[in-house]
Amino acid sequence: MTVVARTVAQLRSAVADLQGSVGLVPTMGALHEGHGRLVSLAAEENSSVVVSIFVNPLQFTDLGDCDDFRHYPRDLDKDVAFLEKLGVDVVFAPTDEAMYPDGLPQVWVRAGEMGERLEGASRPGHFDGVTTVVAKLFQLIQPDRAYFGEKDAQQLAIIQRMVMDLDFPLQIRPVPIIRGADGLAESSRNQHLTPEAREQALVLPRTLAALRDRAAAGDPLDVEGAREALRSAEGVELDHLEVVDAATLLPVSEVGAGALAVAAIHVGGTRLIDNVRLLPPRA
Ligand code: PAF
């Protein structure tokens, strides 16, 4: 049976009843197949699974005083039904007051320079909000492993760095991107796309796949050409497309084990991100 905890006290009591290793899947709800994959892996690797569902105002523009936060898709009953079917032990779905009883925390975890580039350049403070809430979830739940999707490559790199820098005693488990049949990476924000916008958005995975194929063929990447393909696509506004090292997020000029092409676009008012690994031709 899945226990739904709405307060910190309820969570602590539910977690105290868990036996063996605990896997945590932090989410903001509006769950989809990508989350399903995180939960399945957590269930395979741990005795118990906790999923948090919290649309964290700290990681939105103006600490949540923005339409992106207000319109973020929320359907707790549907999400809980989805997680019950997957056999999740505890769902932690706190209210804003339960998470931040004083309104806002005074003390934050800062993501530093890694949080200021790429996504962070367009969304100042976003990653400080992410690291602060994730540190709080780690502290409350004390999982053995925590599961993060590779779609949010910058978030994953920053959380891995936070765990290393602050000595959180847990393992971060990255989980590969899940794509729809049309190639679009699964995201809660896809719910905002009209069929026309979804069609327009496909230029993102196609452009990244073309970069991946050029890398695999040993051809010059032509990143600027890829940017131009996104800039000139109908209905699309390019935010960024960069080739970076997956761990440090610093720009790299060579393809190789850690090289990642990361991109963000806006389509029909919705911000979408995606990335691909850039591997050299097989020897
Ligand atoms: O990736 C997300 O859904 C969020 O950034 C996270 C990790 C749950 C923190 O709010």
Side-chain angles (χ1 to χ4, degrees), residues 4-15 24-31 35 50-76 79-80 90-143 146-149 152-170 172 187-189 192 239 249 264 266 269-271 273:
V4 180
R6 303 301 312 264
T7 65
V8 166
Q10 287 169 1
L11 173 72
R12 285 194 200 281
S13 141
V15 168
L24 168 66
V25 181
T27 81
M28 298 206 299
L31 303 177
H35 295 111
V50 179
V51 176
S52 62
I53 298 179
F54 180 60
V55 186
N56 171 38
L58 302 192
Q59 66 191 72
F60 286 79
T61 307
D62 294 333
L63 304 173
D65 188 11
C66 62
D67 284 345
D68 193 20
F69 176 72
R70 282 187 282 268
H71 299 156
Y72 198 86
R74 293 167 173 88
D75 190 339
L76 184 59
D79 286 344
V80 170
V90 180
V91 176
F92 179 43
T95 57
D96 289 4
E97 294 69 35
M99 275 303 259
Y100 305 121
D102 286 343
L104 287 175
Q106 281 293 316
V107 177
W108 291 50
V109 177
R110 297 271 178 227
E113 212 199 309
M114 282 177 89
E116 284 163 17
R117 52 181 88 106
L118 304 171
E119 280 292 283
S122 307
R123 307 179 69 191
H126 166 71
F127 288 106
D128 294 343
V130 171
T131 44
T132 300
V133 78
V134 170
K136 201 167 155 90
L137 291 168
F138 287 173
Q139 181 58 26
L140 285 168
I141 296 158
Q142 311 216 342
Y147 295 78
F148 291 87
D152 296 288
Q154 187 170 8
Q155 168 171 284
L156 174 61
I158 291 170
I159 299 289
Q160 279 172 321
R161 185 69 205 207
M162 177 182 86
V163 164
M164 190 173 99
D165 285 348
L166 301 186
D167 297 305
F168 279 99
L170 81 162
I172 299 300
S187 164
S188 304
R189 290 175 192 272
H192 293 313
D239 186 289
L249 305 173
H266 292 266
T270 300
R271 185 182 175 83
I273 59 173

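When a residue number appears, it is its place in the shown sequence, counting from 1.
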- request: State whether the side chain of T61 and the backbone N or O of C66 hold a donor-acceptor pair below 3.5 Å, judged by distance alone.
  value: no
With sequence neighbours excluded, tell me which residues meet side chain to side chain contact (heavy atoms under 4.5 Å, CB included) with [X].
{"X": "T27", "value": "V25, L31, H35, V51, I53"}
{"X": "A264", "value": "E119, D239, H240, R271, I273"}
{"X": "S13", "value": "none"}
{"X": "H71", "value": "D67"}

[atom1]/[X] to [atom2]/[Y] distance, rounded to the nearest 0.5 angstrom?
{"X": "T131", "Y": "Q155", "atom1": "OG1", "atom2": "CD", "value": "10.0 Å"}
{"X": "M162", "Y": "T132", "atom1": "CE", "atom2": "OG1", "value": "8.5 Å"}
{"X": "I172", "Y": "F138", "atom1": "CD1", "atom2": "CZ", "value": "4.0 Å"}
{"X": "S52", "Y": "L140", "atom1": "OG", "atom2": "CG", "value": "9.5 Å"}
{"X": "D79", "Y": "M28", "atom1": "CG", "atom2": "CE", "value": "12.0 Å"}
{"X": "S187", "Y": "D152", "atom1": "OG", "atom2": "CG", "value": "7.5 Å"}

Quick one: are [X] and [Y] in side-chain contact, heavy atoms under 4.5 Å?
{"X": "V134", "Y": "N56", "answer": "no"}
{"X": "L58", "Y": "V133", "answer": "no"}
{"X": "H192", "Y": "P73", "answer": "yes"}
{"X": "Q142", "Y": "V50", "answer": "no"}
{"X": "I158", "Y": "V130", "answer": "no"}
{"X": "L137", "Y": "F54", "answer": "no"}

Looking only at heavy atoms, which two atoms of [X] and [Y] are closest? And how far apart?
{"X": "L170", "Y": "P143", "value": "CB-O, 3.3 Å"}
{"X": "G64", "Y": "F69", "value": "O-CD2, 3.0 Å"}
{"X": "M114", "Y": "Q154", "value": "O-NE2, 2.8 Å"}
{"X": "A98", "Y": "V8", "value": "O-CG2, 3.8 Å"}
{"X": "V55", "Y": "R74", "value": "CG1-NH2, 3.6 Å"}
{"X": "A30", "Y": "S188", "value": "O-OG, 3.1 Å"}

Contacts satisfying salt bridge (charged side-chain N to carboxylate O under 4.0 Å, His left out) that involve residues 95-112 (not counting sequence neighbours) are R110-D128
Y72 meets the ring-ring contact (aromatic ring centres under 6.0 Å, His included) criterion, sequence neighbours left out, with F60
Set of salt bridge (charged side-chain N to carboxylate O under 4.0 Å, His left out) partners for [X], sequence neighbours left out:
{"X": "R189", "result": "D68"}
{"X": "D62", "result": "none"}
{"X": "R12", "result": "none"}
{"X": "E116", "result": "none"}

Residues 108-133 vs ring-ring contact (aromatic ring centres under 6.0 Å, His included), sequence neighbours excluded, gives none
The side chain to side chain donor-acceptor pair (under 3.5 Å) partners of Q160 (sequence neighbours excluded) come to none
